[in-house]
Amino acid sequence: MNDRANTFDCQQTLANGTYWMPFTANRRVRANPAGRIIASAAGPYYHTQDGHALFDTLSGLWCTPLGHAHPGIVEALKRQAETLDYCTAFQMTNPVTVRLAERIANLAPDGLNHVFFANSGSESVDTALKIALGYHRLRDAGGRFRMIGRERGYHGVGFGGMSVGGIVPNRRMFATAMLNGVDHLRHTHDPAHMAFSKGQPTWGMERAEDLERLVALHDASTIAAVIVEPVQGSTGVLVPPVGYLERLRQICTRHGILLIFDEVITGFGRLGENFAAQRFNVKPDMITFAKAVTNGVVPMGGVIVTDAIYETFMTGPENAIEFAHGYTYSGHPLAAAVGHAVLDAMEQDSLIARVRSLEPVLEDAIHTLDGRPGVADVRNIGLTAAIDLVPAPDAPGARGTALFEQGLKHGLLLRCTGDTVSFGPPFISTPQQLRDMVGTVRQIIDTLA
């Protein structure tokens, strides 16, 4: 084994296509794998196999707010592996998982007191959709089967989440397998009215009225749930207009429709509160979470539900399984132990308060790009921001690709989707690191423009 490890050529194997990379232009990577291989990481930096340090501008994929190789997490993982490395979640449980559920419920808005664990954002979303269907069926409202998502929404890659999601390239290849009865709200982003917004745009609350259109079209008695990201992350940090989420809540309540907040990205501090629901003071019926709950170290996700939803399921014979759903790794003890270490670090280092203190730093820095050649829009909220580049004529996405590749040469690992660049730096970043990050991006954009 050691001999094989010593002779292994990662670049060559990557060039051969043995490893099929997710959400990646594989042929482009295979043609030039140099610089694409991460060897190690510490704090807010990755280190490539060829020795370059890359500032982690998106906290992995929104999932490593504490940075990398956090000593408290490393120790918790080692200690738990030595104590209880796996525990079946069916009919049995363990203290570390049960206590994590309690801690998460205590962080959530009042009344959301019950946690069902999954292993990813995609699984969390599909779980929430199944809970919505089951809830209505148990209330003799089984005709409520429709799910309402939103254009440009991202809810993972399960068939349920993909169906309610609204990113066209993610849906196109699998269109024949979408869930029946799904419809979509219009998205809220209109650069003509909200370009270069700082925080919540003041225009656009009326976009929530699109839900009334769908209610009139389908009849409320057929709609089970509406699922939205409070801030649409994967499509480029689309911030909700002032009053928009409040209006969605009002409409859902009036028509008996469940409101699900997909907080896989915004949960656990990204907006300077435990959850975006608290930042915007809007209480949904369910919250999905994942990513930051374990700092990306061990996969974990879940759904937090209201007392009313949970109690609706707690009916029938006492020996009956109330919710026929779950995963082999639901509430995995290693993930739960890491979750405790993450929450401990958040509390001990006051990291959510740190996010609030860094928000104006990132805002001031990112908006130095306002109006520069090649920049179509800039927006931000919490410790997250996005830049829309002006697309190259007849080559959409080319400028985003060029920015990503230039970023690698200038010490940044960027997240570019098409011609949009998203930022979600680690909570442990210093103000100067954020300014340097934006300054480097500004220089690259100026060069490309």
Side-chain angles (χ1 to χ4, degrees), residues 22-24 58-66 89 100-101 104 107-108 112 115-132 147 149-150 152-167 169-171 174 178-179 182 225-238 258-271 274-277 284-305 325-332 334-336 338-339 342-343 382-384 415 417 422 424 426:
F23 278 111
T24 298
L58 197 74
S59 299
L61 284 171
W62 304 99
C63 57
T64 57
L66 275 61
L100 183 63
I104 291 172
L107 295 173
L112 279 84
V115 179
F116 191 102
F117 285 115
N119 306 290
S120 67
S122 295
E123 290 184 3
S124 300
V125 166
D126 280 13
T127 298
L129 299 182
K130 291 174 79 172
I131 290 173
M147 300 294 175
R150 186 166 55 181
R152 296 187 65 169
Y154 180 73
H155 302 291
V157 294
F159 280 105
M162 189 171 56
S163 298
V164 295
I167 298 179
N170 293 0
R171 296 165 53 87
F174 316 105
M178 295 294 176
L179 296 184
V182 174
V226 171
I227 181 168
V228 295
E229 302 160 274
V231 174
Q232 292 182 263
S234 295
T235 195
V237 188
L238 305 187
L258 295 177
L259 178 61
I260 305 169
F261 277 3
D262 183 345
E263 296 224 34
V264 168
I265 285 175
T266 53
F268 301 98
R270 179 56 62 182
L271 300 187
N274 294 327
F275 294 95
D285 300 291
M286 287 186 259
I287 291 175
T288 65
F289 66 87
K291 294 190 184 288
V293 68
T294 58
N295 203 52
V297 175
V298 180
M300 174 175 256
V303 186
I304 317 170
V305 307
H325 176 71
Y327 303 96
T328 300
Y329 301 109
S330 290
H332 196 290
L334 291 185
V338 170
V342 169
L343 297 184
L383 200 56
T384 184
R415 176 60 174 166
T417 306
S422 299

Going by the rule ring pair (Phe, Tyr, Trp, His ring centres under 6.0 Å), which residues pair with Phe174 if we only count those two or more places apart in sequence or in a different chain? none
With a 4.5 Å cut-off on side-chain heavy atoms, are Glu123 and Tyr327 touching? yes
Hey, does Ile287 have a side-chain heavy atom less than 4.5 Å from the side chain of Leu112? yes
Side chain to side chain donor-acceptor pair (under 3.5 Å) partners for [X], two or more places apart:
X: Thr235; result: Arg152
X: Asn274; result: none
X: Glu229; result: none
X: Arg415; result: none

Gap separating the [atom1] atom of [X] from the [atom2] atom of [Y], nearest 0.5 angstrom:
X: Ile227; Y: Phe261; atom1: CD1; atom2: CZ; result: 11.0 Å
X: Thr384; Y: Ile265; atom1: OG1; atom2: CD1; result: 7.5 Å
X: His332; Y: Met300; atom1: NE2; atom2: CE; result: 9.5 Å

Check side-chain contact (heavy atoms from CB on, under 4.5 Å) between [X] and all other residues, then give those that pass, not counting sequence neighbours.
X: Pro22; answer: Tyr19
X: Ala292; answer: Pro65, Phe268
X: Val115; answer: Ala101, Ile104, Ala105, Phe117, Phe289, Ile304
X: Val182; answer: Met147, Ser163, Val164, Leu179, His184

Can a donor-acceptor pair be found, under 3.5 Å and without considering hydrogens, that links the side chain of Glu263 to the backbone of Ala277? yes
Suppose we screen for salt bridge (Lys or Arg N to Asp or Glu O under 4.0 Å). Which residues come up paired with Asp285, at least two apart in sequence or across chains? Arg249
Pairwise side chain to side chain donor-acceptor pair (under 3.5 Å) hits with a residue in residues 286-301, at least two apart: Asp262-Thr288
